[in-house]
Asker: 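Encoded as structure tokens, here's the structure I'll be asking about.
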Amino acid sequence: MLLHGWGFDAEILRPLARAFPAEFNVSMPDVPGYGMDGDCTLPAIGNALAPAHDCVIVGWSLGGNVAIDLASRYPHRVRALALLCCSPSFLKRPHWPCGLDRDALIGLRAALAEDPQLALREFAGWCAMGERSVKQSRLALLAGVRPDLAGSGNLQRGLKMLQDLDQRMCLARVQCPVLMLFAGEDRLVPIETADFCAGLSDRVQAEVVDACGHGMPISLPGSVAARVSRFVGQ
């Protein structure tokens with residue numbers, strides 16, 4: 001199950017889905033509130049996406065936080081997690097210096113309220129920063145943003161969720177193996193997060209992928225799929 005990030009719907013992960021070997025049965029649900037109607041609070045998202053059978057969940061950014069929640073709520077249905085450019089706490093907190101400053105998300109929320117279309121375009125640019133081809137990655141990300149969500153309120157609620165979210169203890173208690181892939185040039189999730197996440201649990205395997213940014217699963221779908229496939233096959 002592939003879960004997309006904030007501001008996008010499932011189609012943004014289509015290249016990643018195609019990169020997995022044929023023996024994988026890949027599903028790409030829209031996260032409720034992003035591409036489909038529904039409450040976009042974390043409990044409501046978990047209820048809507050509850051896996052019906054044994055699965056591996058691959059979550060990008062906000063989708064990774066949804067994946068952590070699903071693994072903690074349905075431990076017997078989640079065989080492994082692969083979290084891409086994801087942090088259990090996107091903001092800095094006590095004993096967690098690797099997050100964003102609070103002002104960064106507050107600024108994005110203000111920009112979204114003033115000009116939603118421009119804010120989404122700027123966010124796509126942030127995701128593309130650090131990629132081998134920033135222009136190409138930005139165009140691919142821009143093609144995947146959901147401007148029709150701008151007036152729904154769900155984008156604002158999603159940012160508020162990221163602002164409040166602290167899943168460090170939740171990740172530490174996850175029972176299945178966890179692969180966390182961090183982008184070496186990510187401007188939203190610093191690579192220092194890798195060491196902090198690996199320290200939360202011996203089930204967490206953290207790796208850094210060089211020369212890419214927050215849009216890693218879109219810019220490097222083959223590399224990401226290969227790493228996840230190897231991890232699942234261990």
Side-chain angles (χ1 to χ4, degrees), residues 1-14 16-17 25-91 93 99-100 102 105-106 108-110 112-113 116 119-120 123 127 144-176 178 180 188-189 197 200 214 217:
M1 181 192 296
L2 307 186
L3 299 178
H4 59 87
W6 180 88
F8 303 92
D9 64 10
E11 282 301 309
I12 194 69
L13 296 180
R14 180 70 64 184
L16 179 59
N25 180 17
V26 179
S27 64
M28 294 175 18
D30 284 326
V31 173
Y34 303 84
M36 66 175 285
D37 292 333
D39 186 348
C40 64
T41 63
L42 194 58
I45 291 171
N47 291 339
L49 298 180
H53 50 74
D54 181 55
C55 70
V56 175
I57 305 179
V58 181
W60 173 45
S61 196
L62 173 63
N65 293 99
V66 175
I68 294 170
D69 180 65
L70 290 173
S72 65
R73 294 174 62 183
Y74 307 100
H76 301 298
R77 302 182 197 174
V78 180
R79 186 157 61 92
L81 292 182
L83 309 178
L84 316 176
C85 303
C86 174
S87 173
S89 172
F90 279 91
L91 294 190
R93 303 184 191 279
L100 292 172
R102 189 179 188 86
L105 276 185
I106 292 176
L108 182 56
R109 291 182 67 190
L112 191 67
L120 285 170
F123 180 70
C127 291
V145 297
R146 289 295 306 262
D148 55 307
L149 295 176
S152 70
N154 284 335
L155 291 177
Q156 283 284 4
R157 285 189 282 272
L159 288 180
K160 181 62 166 60
M161 182 169 69
L162 287 175
Q163 181 178 315
D164 297 339
L165 206 60
D166 184 356
Q167 290 186 301
R168 289 176 290 175
M169 292 302 98
C170 189
L171 178 59
R173 291 192 295 265
V174 166
Q175 298 176 19
C176 65
V178 181
M180 300 190 74
L188 299 175
V189 180
C197 287
L200 291 175
H214 197 72

Asker: Taking the side chain as everything from C-beta on, heavy atoms only, tell me whether Pro88 gets closer than 4.5 Å to Cys197.
Answerer: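 Yes; the side chains approach each other to less than 4.5 Å.
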Asker: Restricting to non-hydrogen atoms, name the atom on Ile12 and the atom on Gly144 that form the minimum distance, rounded to 0.1 Å.
Answerer: CD1-CA, 3.8 Å
Asker: Tell me, do Leu13 and Val58 make a side-chain contact under 4.5 Å, heavy atoms counted?
Answerer: no
Asker: Any side-chain heavy-atom pair from Val189 and Cys86 closer than 4.5 angstrom?
Answerer: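 Not touching, per the 4.5 Å side-chain cut-off.
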Asker: Any side-chain donor paired with an acceptor under 3.5 Å for Gln167 and Asn65?
Answerer: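 Yes, a side-chain donor-acceptor pair sits under 3.5 Å.
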Asker: Got a sec: does the CG of Asn25 have more than 12 other heavy atoms crowding it under 6.0 Å?
Answerer: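 Atom CG in Asn25 is not packed in, count stays at 12 or less.
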Asker: Nearest 0.5 angstrom please: Leu70 CG to Ile57 CD1, how far?
Answerer: 4.5 Å
Asker: Looking only at heavy atoms, what is the nearest atom pair of Pro116 and Leu112, with distance?
Answerer: CG-O, 3.2 Å
Asker: Can you tell me how far apart CG (Leu49) and CG (Leu3) are? Round to the nearest 0.5 Å.
Answerer: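 Interatomic distance, Leu49 CG to Leu3 CG, rounded to 0.5 Å: 6.0 Å.
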Asker: Give the ring-plane orientation class for Phe123 versus His214, where under 30° counts as parallel, over 60° as perpendicular and anything between as tilted.
Answerer: perpendicular
Asker: Looking at Gly5 and Ser61, what are the two nearest heavy atoms and their distance?
Answerer: CA-CB, 4.5 Å
Asker: Within the 4.5 Å heavy-atom criterion, are Pro29 and Met1 side-chain neighbours or not?
Answerer: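 Side chain of Pro29 against side chain of Met1, heavy atoms only: contact under 4.5 Å found.
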Asker: Atom CG of Asn154 and atom CE of Met161: how far apart are they, to the nearest 0.5 Å?
Answerer: 10.0 Å
Asker: Begin from the C-alpha positions of Met180 and Leu200 and carry the test side chain to side chain contact (heavy atoms under 4.5 Å, CB included) through to its verdict.
Answerer: CA-CA 12 Å; Met180 300 190 74; Leu200 291 175; over 6 Å; no
Asker: What distance do Leu81 atom CG and Cys176 atom SG have between them, rounded to the nearest 0.5 Å?
Answerer: 4.0 Å
Asker: Under 4.5 Å between any side-chain heavy atoms of Asp30 and His4, yes or no?
Answerer: yes
Asker: Taking side chain as C-beta onward, heavy atoms only, is Arg73 less than 4.5 Å from Val78?
Answerer: no
Asker: If you compare all heavy atoms of Leu155 against all heavy atoms of Gly7, which two are closest, and at what distance to 0.1 Å?
Answerer: CD2-CA, 3.8 Å
Asker: Going by heavy atoms in the side chains, are Leu16 and Val26 under 4.5 Å from each other?
Answerer: no
Asker: Would Leu120 and Phe8 count as a side chain to side chain contact (heavy atoms under 4.5 Å, CB included) if you check the C-alpha gap in whole Å, the side-chain angles of each, and the deciding distance to 0.1 Å?
Answerer: CA-CA 10 Å; Leu120 285 170; Phe8 303 92; over 6 Å; no
Asker: Side-chain contact test, heavy atoms from C-beta onward, threshold under 4.5 Å: evaluate it for Leu188 versus Cys85 and give yes or no.
Answerer: no
Asker: Check side chain to side chain donor-acceptor pair (under 3.5 Å) between Arg14 and all other residues, then give those that pass, not counting sequence neighbours.
Answerer: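 Checked Arg14 against side chain to side chain donor-acceptor pair (under 3.5 Å); matches are Glu11.
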Asker: Where do Phe90 and Leu62 come nearest, in terms of heavy atoms and distance?
Answerer: CZ-N, 4.4 Å
Asker: Where do Gln163 and Arg102 come nearest, in terms of heavy atoms and distance?
Answerer: NE2-NH2, 3.0 Å
